[in-house]
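Following: one structure in structure tokens, then a few remarks.
Reminder, nothing fancy here: chain letters follow the sequence lines and each chain counts from 1.
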There are 2 protein chains.
Amino acid sequence: MDDVLTIGEMCETYEVTARTLRFYEQKELIWPIRRGARRLYDRKARARLQLILRGKRFGFSLEDIRQLLNMYERDGSNQAQLERTYELAVDRLAQMEAQRAELDLAIAELKQEIAEGAAMIAAFKAAAE
Amino acid sequence: MDDVLTIGEMCETYEVTARTLRFYEQKELIWPIRRGARRLYDRKARARLQLILRGKRFGFSLEDIRQLLNMYERDGSNQAQLERTYELAVDRLAQMEAQRAELDLAIAELKQEIAEGAAMIAAFKAAAE
DNA sequence: AGACAAATTGACGTTGACGTCAAGGTAACG
DNA sequence: CGTTACCTTGACGTCAACGTCAATTTGTCT
């Protein structure tokens with residue numbers, strides 16, 4: 001045990017499918033070691049996967065995540081890129097908060113419609129004819 | 001002016017594309033009048049479009065919206081269907097609140113990372129090598 | 001060695017809500 | 001009557017993030 005996991009073990013550990021792992025690799029998000037044709041995931045690969053999953057929780061697209069990851073793969077100490085990442089995070093936060101505001105609005109509207117004794121239904125009837 | 005709009009006028013008024021209107025028609029969400037081959041949108045058609053857009057704001061799928069709309073097109077007074085609509089709305093509300101909870105969590109996490117002086121960035125660096 | 005489990009690549013399919021041509025029809029204006 | 005501008009149908013394309021085969025190869029166990 002060289003502290004590496006097979007694809008099957010990865011699937012169990014992180015609750016993803018093998019297809020997903022191969023897909024991430026194809027998209028250049030992760031690069032497992034090869035032993036023959038088989039993939040072996042070392043500590044680094046697992047750290048990257050965790051960041052991918054975390055990024056997804058943050059609502060980043062895989063492409064965003066790839067860019068962030070590869071940025072720091074090449075040069076983690078580059079100050080400009082560091083700031084770029086920071087900006088990306090702040091932007092993303094703003095997007096998420098805007099999305100939240102929209103969602104809140106929609107929830108409030110829907111709640112009111114429901115509370116008003118199915119006013120929405122009345123509205124649908126009106127539009128129906 | 002018979003209180004009808006051409007497709008182009010509809011596009012400007014509701015900020016949708018012609019493709020979208022034809023798509024909604026193909027999906028049986030809306031039925032404009034025909035004068036020759038051309039579509040003309042009367043008051044009823046416009047009311048339906050507004051409900052479609054509203055439904056989308058609520059996060060309903062077009063298929064959900066179609067069912068709701070057509071349900072009341074056929075029989076607005078059917079009690080069972082009324083209740084079905086009500087249930088759909090309540091379900092949808094629950095979904096939206098769950099979605100908001102997730103979003104809140106993600107926002108909180110991201111905020112913390114940012115507050116911690118770009119801890120996320122450090123994490124990305126760690127995973128990069 | 002035989003059997004069975006686990007992995008591999010490649011390729012096409014899925015979902016939703018449209019976008020984007022192509023090729024032509026027609027209404028209205030001057 | 002000619003020229004635009006607007007409209008029509010049909011059909012294929014797009015995007016994201018994988019799912020779902022199929023055919024084959026490799027690894028492990030007995």
Side-chain angles (χ1 to χ4, degrees), chain A residues 1-2 4-42 45 48-69 92 95-96 99 102, chain B residues 1-2 4-42 45 48-69 88 92 95-96 99 102 106:
Chain A
M1 54 156 96
D2 272 353
V4 292
L5 299 185
T6 68
I7 198 165
E9 291 163 343
M10 287 292 283
C11 294
E12 284 196 26
T13 306
Y14 298 99
E15 296 184 64
V16 294
T17 68
R19 179 68 181 90
T20 297
L21 291 173
R22 295 192 195 103
F23 180 73
Y24 288 168
E25 185 177 345
Q26 182 193 326
K27 290 281 172 179
E28 297 183 76
L29 284 154
I30 212 171
W31 304 290
I33 298 164
R34 291 298 183 125
R35 189 172 64 199
R38 305 218 161 162
R39 294 168 175 83
L40 288 176
Y41 297 82
D42 60 3
R48 288 180 71 95
L49 178 58
Q50 284 187 352
L51 283 172
I52 293 166
L53 299 177
R54 171 187 250 180
K56 290 197 65 184
R57 283 203 308 280
F58 287 166
F60 286 103
S61 70
L62 290 184
E63 177 54 21
D64 285 344
I65 295 170
R66 188 187 67 78
Q67 286 180 22
L68 289 173
L69 243 29
R92 181 63 198 146
Q95 281 176 38
M96 287 170 73
Q99 192 183 334
E102 263 193 70
Chain B
M1 56 159 90
D2 271 352
V4 290
L5 298 185
T6 67
I7 199 166
E9 290 163 343
M10 288 292 282
C11 293
E12 284 196 29
T13 305
Y14 298 99
E15 296 184 63
V16 293
T17 68
R19 179 68 181 90
T20 298
L21 290 172
R22 295 192 195 102
F23 179 73
Y24 289 168
E25 184 176 345
Q26 182 193 325
K27 291 283 173 176
E28 298 184 75
L29 284 154
I30 212 173
W31 304 289
I33 299 166
R34 291 298 183 127
R35 190 172 63 199
R38 307 221 159 159
R39 293 168 175 82
L40 288 176
Y41 296 83
D42 62 3
R48 287 179 73 95
L49 177 58
Q50 284 188 350
L51 282 172
I52 293 167
L53 298 178
R54 170 187 250 180
K56 290 197 67 184
R57 282 202 309 279
F58 286 167
F60 286 102
S61 71
L62 290 183
E63 177 55 21
D64 284 345
I65 294 170
R66 187 188 68 79
Q67 286 180 22
L68 289 172
L69 243 28
L88 241 176
R92 182 63 201 147
Q95 281 175 39
M96 287 171 72
Q99 192 182 334
E102 264 194 66

Problem - Stretch residues 5-13 of chain A: residues that reach within less than 4.0 Å of DNA chain D through a heavy atom - result: none
Problem - Distance, rounded to the nearest Å, where Phe23(A) contributes CZ and dC15(D) contributes C1' - result: 11 Å
Completion exercise
Ile30(A) and Leu21(A) have their tightest heavy-atom pair at CG2-O, 4.3 Å
Handout entry: Sugar-phosphate, base or nothing in reach of Arg22(A), heavy atoms under 4.0 Å
Key = base
Practice task
Give a yes/no answer on whether the side chain of Arg35(A) brings an N or O atom under 4.0 Å of OP1 or OP2 in dA6(C).
Solution key: no
Practice task
Check whether any side-chain nitrogen or oxygen of Lys27(A) sits under 4.0 Å from OP1 or OP2 of dC15(D), and answer yes or no.
Solution key: no
Fill in the blank from the handout: note: Asp64(B), atom CG; dG16(C), atom C1'; distance rounded to Å ~ 12 Å
Handout entry: Exceeds 12 heavy-atom contacts within 6.0 angstrom, atom CZ of Arg35(A)
Key = no
Exercise for the section: Take atom OH of Tyr41(A) and atom C1' of dT8(C), then tell me their distance rounded to the nearest Å. Expected result: 11 Å
Handout entry: Close side-chain approach of Phe60(A) to Lys56(A), heavy-atom, < 4.5 Å
Key = no
Handout entry: Spacing between Leu21(A) atom CG and dA7(C) atom P, to the nearest angstrom
Key = 11 Å
Problem - Gap between atoms CD and C1', on Glu63(B) and dT15(C) respectively (whole Å) - result: 13 Å
Problem - dT20(C) OP1/OP2 closer than 4.0 Å to side-chain N/O of Arg19(B) - result: no
Exercise for the section: Give a yes/no on whether any side-chain N or O of Arg39(A) is located under 4.0 angstrom from OP1 or OP2 of dT8(C). Expected result: yes
Problem - side-chain contact (heavy atoms from CB on, under 4.5 Å) between Tyr14(A) and Leu53(A), worked out - result: CA-CA 9 Å; Tyr14(A) 298 99; Leu53(A) 299 177; 4.2 Å; yes
Exercise for the section: Ignoring backbone atoms, establish whether Thr17(A) has a side-chain N or O less than 4.0 Å from OP1 or OP2 of dC18(D). Expected result: no
Practice task
For the residue pair Glu63(A) and Gln67(A), confirm or rule out a side-chain donor-acceptor distance under 3.5 Å.
Solution key: yes
Handout entry: Heavy-atom side-chain contact between Leu69(A) and Glu28(A) under 4.5 Å
Key = no
Handout entry: Rounded interatomic separation in angstrom, taking CD1 from Ile65(B) and P from dA17(C)
Key = 8 Å
Handout entry: Distance in angstrom units between Leu53(A) CG and dA17(D) P, rounded
Key = 13 Å
Exercise for the section: Answer yes when Glu25(B) and Arg39(B) have at least one side-chain N-carboxylate O distance shorter than 4.0 Å, and no when they do not. Expected result: yes
Exercise for the section: Assign Arg34(A) to base, sugar-phosphate, or nothing according to its heavy-atom contacts below 4.0 angstrom with the strands shown. Expected result: sugar-phosphate
Handout entry: Side chain of Arg38(B) - closest among dC18(D), dA17(C), dT26(C)
Key = dT26(C)
Problem - Contact under 4.0 Å: Tyr24(B) side-chain N or O vs dA17(C) OP1/OP2 - result: no
Exercise for the section: Please check the phosphate of dA17(D) (OP1 and OP2 only) for any side-chain N or O of Ser61(A) closer than 4.0 Å. Expected result: no
Practice task
Report yes if some heavy atom in the side chain of Leu51(B) is under 4.5 Å from a heavy atom in the side chain of Ile65(B); otherwise report no.
Solution key: no
Problem - Value in whole Å for how far the P atom of dC12(D) lies from CD of Gln26(B) - result: 14 Å
